[in-house]
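Please read all numbers here as calculations on a predicted model, not as lab measurements. The figures that follow rest on heavy atoms only: side chains count, while hydrogens, waters and symmetry mates do not.
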Amino acid sequence: MAEKPEPVKVLYCPTCSLPAEYCEFGSDFEKCKPWLIKNAPELYPDLLKEADEKEAERVSEQLHSVGISSIGADGSASSVQSGETSSSKQEEVKRLPGGKIKKKVRQEVVIEKVVRNKRKSITIIKGLELFGIKLSDASKKLGKKFATGASVVKGPTEKEQIDVQGDIAYDIVEFITETWPDVPETAIYFIEDGKKVPAA
Amino acid sequence: MFKKFSSDEVSSQNQVKASVQRKIRQSIADEYPGLEPVLDDLLPKKSPLIVVKCQNHLNLVVVNNVPLFFNIRDGPYMPTLRLLHQYPNIMKKLQVDRGAIKFVLSGANIMCPGLTSPGGALDDEVDAETPVAIMAEGKQHALAIGFTKMSAKDIKTINKGIGVDNMHYLNDGLWKMERLD
Ligand SMILES: [Zn+2]
């Protein structure tokens, strides 16, 4: 007998009940928008632009840590390299106003690549919020930068994380350190084959 | 068909006899071989299978209060869209162009040009009088269940009039009846 097919999980909109991609054809697209921006931004890139324009960028000043993990079937995240010196970044960090570096919670970003459905991979980024970065903003920036879908989701431990569609592990470190100078490269880690590996 | 459908149109609900249950199972397995491996999960032999008879010779196959299939008179069973979304490859697919989406979602039957235009797509092997999934340009999930009036070849060559009857579509009465309590 044929292999048992896994049921496809479809993202239905709680407002109009349709699959999220059909909200634009629903009876009241406006009402669906707030949920879509949070949960299916990759389907409606224009909505993000709208939201970005409205929401003046808030620079967060608190310091915390970010993590990136990569459980690739092929372990390909090892290709991530970043030539920048981390020391200068850290000094910058220390100079930030109100940025206490006391590490009660270890501030780190963990990046993990997860392969779903054989071909599709997702890069999960955890910990950006520990650096005072607003995850919804970060998710939008990541989606734009890598021209892909990115969304903030609750991770298994109830902590929020960012899921980015596709394997973007190759230049995510550079992007993070450039976009958020508060995050030192030394605080970024990959998860490769279940092991935590420093990105720097 | 389900444009104004609601539970008011239910005329009877009956748990069917084991022999009828077997027959329904068999015709679903014959129509959708891709569903066979999960048929035991969908229509567990031990759970009662309810056939809900509605107006206009419409029948719904309901398990645990969830409508899973429907048919007309003795016609072929067709999955509800929620079920098709879970197992998208059990039916042949026809694709309408983006311009046709809003018409399909208002219940209109599917016109040939919406399938033959650059945004449309047809599987040549589809015969007339076949249940099909109606997909849409740029969308991942089906928006309707159709029943072909012409073969795909005829849709291409004739390219006029209604090619597929729209049986069930997103947001129609059956879609809204997620459960039947
Ligand atoms: Zn919606």
Residue pair [X] / [Y]: nearest heavy atoms and the distance that separates them:
X: A:Lys4; Y: B:Pro37; answer: CE-O, 3.5 Å
X: B:Pro88; Y: A:Val8; answer: CD-CG2, 3.5 Å
X: A:Pro19; Y: B:His85; answer: CG-CE1, 3.6 Å
X: A:Pro5; Y: B:Tyr87; answer: O-CE2, 3.6 Å
X: B:Gln140; Y: A:Glu21; answer: N-OE1, 2.7 Å

[X]-[Y] co-clustered via ILVMFWY side chain contacts under 4.5 Å:
X: B:Tyr169; Y: A:Leu18; value: no
X: B:Tyr77; Y: B:Leu58; value: yes
X: B:Met135; Y: B:Met78; value: no
X: B:Val96; Y: B:Phe103; value: no
X: B:Val164; Y: B:Ile162; value: no

Answer yes or no: does atom [atom1] of [X] have more than 12 heavy-atom neighbours from other residues, nucleotides or ligands under 6.0 Å?
X: B:Asp41; atom1: CG; answer: yes
X: B:Asn64; atom1: CG; answer: no
X: A:Lys33; atom1: NZ; answer: yes
X: A:Phe29; atom1: CZ; answer: yes
X: B:Arg73; atom1: CZ; answer: no

- Could you give the distance from NE2 (B:His141) to OH (A:Tyr22), rounded to the nearest 0.5 Å? 8.5 Å
Residue [X] versus chain A: region with a heavy atom under 4.5 Å:
X: B:Asn89; result: neither
X: B:Leu105; result: side chain
X: B:Leu143; result: both

- Message: Measuring only between side-chain heavy atoms, which start at C-beta, is B:Lys139 closer than 4.5 Å to A:Phe25?
- Response: yes
- Residue by residue, which of residues 112-127 of chain B have a heavy atom closer than 4.5 Å to a heavy atom belonging to chain A? none
